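Everything on this sheet refers to the single structure shown next.
Below, chains carry the letters A, B, ... as their sequence lines are ordered, and counting in each starts from 1. Remember, it's a predicted structure, so these values are computed and weren't measured experimentally.
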Amino acid sequence: MREFVLLFRATEAAHREAMGTPARAQQSMQAWLAWMRELEAKGHVKNRGQPLERAGSVVRGKAKVVTDGPYVEAKDLVLGFCVIEARDLAQAVEAASGCPILEGEGSVEIRPVME
Amino acid sequence: MNERLFRRESGRIVAALTRIFGPHNLALAEDVVQDAFCRALEVWKVRGIPDNPSAWLMATAKNRALDIMRRDRTARTFAPEIGRLLESDATLAPVIDEAFAPQAIRDEQLRMMFSCCHPLLPEEAQLALILNILCGFGASEIAGAFLTGRAAIEKRIARGKKVLARGKRLFDLGDAEFAARLATVARALYLLFNEGYHGASAESAVRVELCEEAMRLTALLREHPPAATPATSALAALMCLHVARLPARIDAAGDLSALVDQDRSRWDGRLVAEGLALLESSAAGQEVTPYHVEAAIAAVHAGARTVEDTDWPAIVSLYDRLMDVAPSPVVALNRAIAIGQRDGPDGGLAALHGIADRDRLSHYPFYPAALGELELRRGNREAARRHFRAAMDVARNGAERRFLEKRLQGC
């Protein structure tokens, strides 16, 4: 078994859209919880990750220029992450392809952890 | 997780926030709700659903509101009633805490309900506003329930919110207009319930939710003594007595079942008892509202174990009464059907043909269906078939069409 980090990316607008009305919020929440349960049932989940605030800072360059969030305009904001175990990249991709973020305009980046 | 969680909490949080922000900042309150939902998604999917999800959402919205007030205190005007209290940090947090106390939320929901029933707004706009703000339904769900286009509903909601904003404050429950406005609110809840119970939409799930919401909001009225009038009790009674029949209204095959065909053992006995108790308490005053009469009719049905057992003379005279206080072609139709049960099919047909404005029923499938039913009982199969076919032509959804098809096959 190998470890993979899943990075969930979307725009802030797409994320808010998924929670746009109470009914949609309920659906999105249920879809995420169901997907997490499924990953767990299949023994994929190594670490569920941590919820991340939007607000933060970025330090850049030698001059250590600090810019502050939130990065609402960012094209693909990292919304969160989790760590899974899978046989190989193909199986990790398969596991990720059920992620509800794909129902909107989001993406999941699958990065193998170096051995 | 309760399947209505987000819808319910949306209405409660918006009510609490309106107390602080004022009705002109409804969009801001809705933003806060959406923020809280977004945070819930991030946190719950990692850490699991909290023990008390509604308290979690409330607390999150409260913190967000506090941030906004600190940031926008000088740039924005909030509710005029609490204006001065918002000026200092020391009074800010307690004001917000107070707005989120259960009693305050209940009062604000009531005030919101009264504000949504503003006399400047047509009834359909009042209903759309109540469903959107207090019940957390989106425009497309409301459009689905009323078989109206989404754009039309959005326009109704937007216009309604403009009227709310103009007021700068929600309806004051101590206002001299209270009694008059209460009647409008009761009427809106009655229509909301009817839309759920008899409405045109085929989406049964949404429709049951409309009935539930109408009952929840009526219960809210009953918790506020000045609004807990005999008419409110009668309204609550008629809702209980009708909803009690819902389990039998859809048969084992998932098809509509007429009152006379229902398996009465499937009626909800607890709701019948509650409805009868409410009806009794509604008899306190002098006034007899249409709600009283409709609840009394439902009570007669609830008390009959079989169709034959039903006190049809009592039902006919109650319908006579209803024609006095709230005449309508649909009431006249139901009265004629009851006469058919009391006097036989000839009497029923005569009453049907005697309905003064029966052309207004031309798109209502249950008028030709009633003609068909009575012709069938007279042994007039050909005429019955013709009427059932006419009824099918104006059926509004699949359930009605299947129901009528079965009738047609029985001829």
Original post:
Using non-hydrogen atoms and a limit below 4.5 Å, what part of residues 100-118 of chain B faces chain A?
Top reply: none
**OP:** For R207(B) and G196(B), indicate whether the former's side chain and the latter's backbone hold a donor-acceptor pair under 3.5 Å.
**Re:**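 Yes; judged by distance alone, with no hydrogens or angles, the pair exists.
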**OP:** Would you check, one step at a time, whether the test side chain to side chain contact (heavy atoms under 4.5 Å, CB included) holds for L189(B) with V185(B)?
**Re:** CA-CA 6 Å; L189(B) 297 183; V185(B) 170; 4.2 Å; yes
When you compare the side chain of [Y] with that of [X], does any pair of heavy atoms fall below 4.5 Å?
X: V58(A); Y: V65(A); result: no
X: P100(A); Y: L102(A); result: no
X: R159(B); Y: V163(B); result: no
X: T18(B); Y: L170(B); result: yes

Chain B/chain A interface donor-acceptor pairs under 3.5 Å:
| unit_1 | atom_1 | unit_2 | atom_2 | d |
| --- | --- | --- | --- | --- |
| N2(B) | O | Q26(A) | NE2 | 2.8 |
| E3(B) | O | Q26(A) | NE2 | 3.3 |
| F6(B) | N | Q26(A) | OE1 | 3.0 |
| Q34(B) | OE1 | R16(A) | NH2 | 3.1 |
| Q34(B) | NE2 | R16(A) | O | 2.7 |
| D35(B) | OD1 | R16(A) | NH1 | 2.7 |
| R39(B) | NH1 | E53(A) | OE1 | 3.0 |
| R39(B) | NH2 | E53(A) | OE1 | 3.1 |
| R39(B) | NH2 | E53(A) | OE2 | 2.4 |
| E42(B) | OE2 | H15(A) | NE2 | 3.4 |
| K45(B) | O | R48(A) | NH2 | 3.2 |
| V46(B) | O | R48(A) | NE | 3.3 |
| R47(B) | NH2 | Q50(A) | OE1 | 3.3 |

Subject >> Contacting moiety of A40(B), where chain A heavy atoms sit under 4.5 Å >> reply: both
Original post:
Should we count CG of N52(B) as having more than 12 external heavy atoms under 6.0 Å?
Top reply: yes
Original post:
Considering residues at least two apart in sequence or located in another chain, which fulfil the ring pair (Phe, Tyr, Trp, His ring centres under 6.0 Å) criterion with F4(A)?
Top reply: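 Partners of F4(A) by the ring pair (Phe, Tyr, Trp, His ring centres under 6.0 Å) criterion come out as none, since no residue qualifies.
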Original post:
Considering residues at least two apart in sequence or located in another chain, which fulfil the salt bridge (Lys or Arg N to Asp or Glu O under 4.0 Å) criterion with E123(B)?
Top reply: R187(B)
Subject >> Atom group of M36(A) that falls short of 4.5 Å from chain B, counting heavy atoms >> reply: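 Only the side chain of M36(A) comes within 4.5 Å of chain B.
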**OP:** Let me see the working for F37(B) and F6(B) under ring pair (Phe, Tyr, Trp, His ring centres under 6.0 Å), right down to the final yes or no.
**Re:** CA-CA 8 Å; F37(B) 289 174; F6(B) 286 83; 4.6 Å; yes
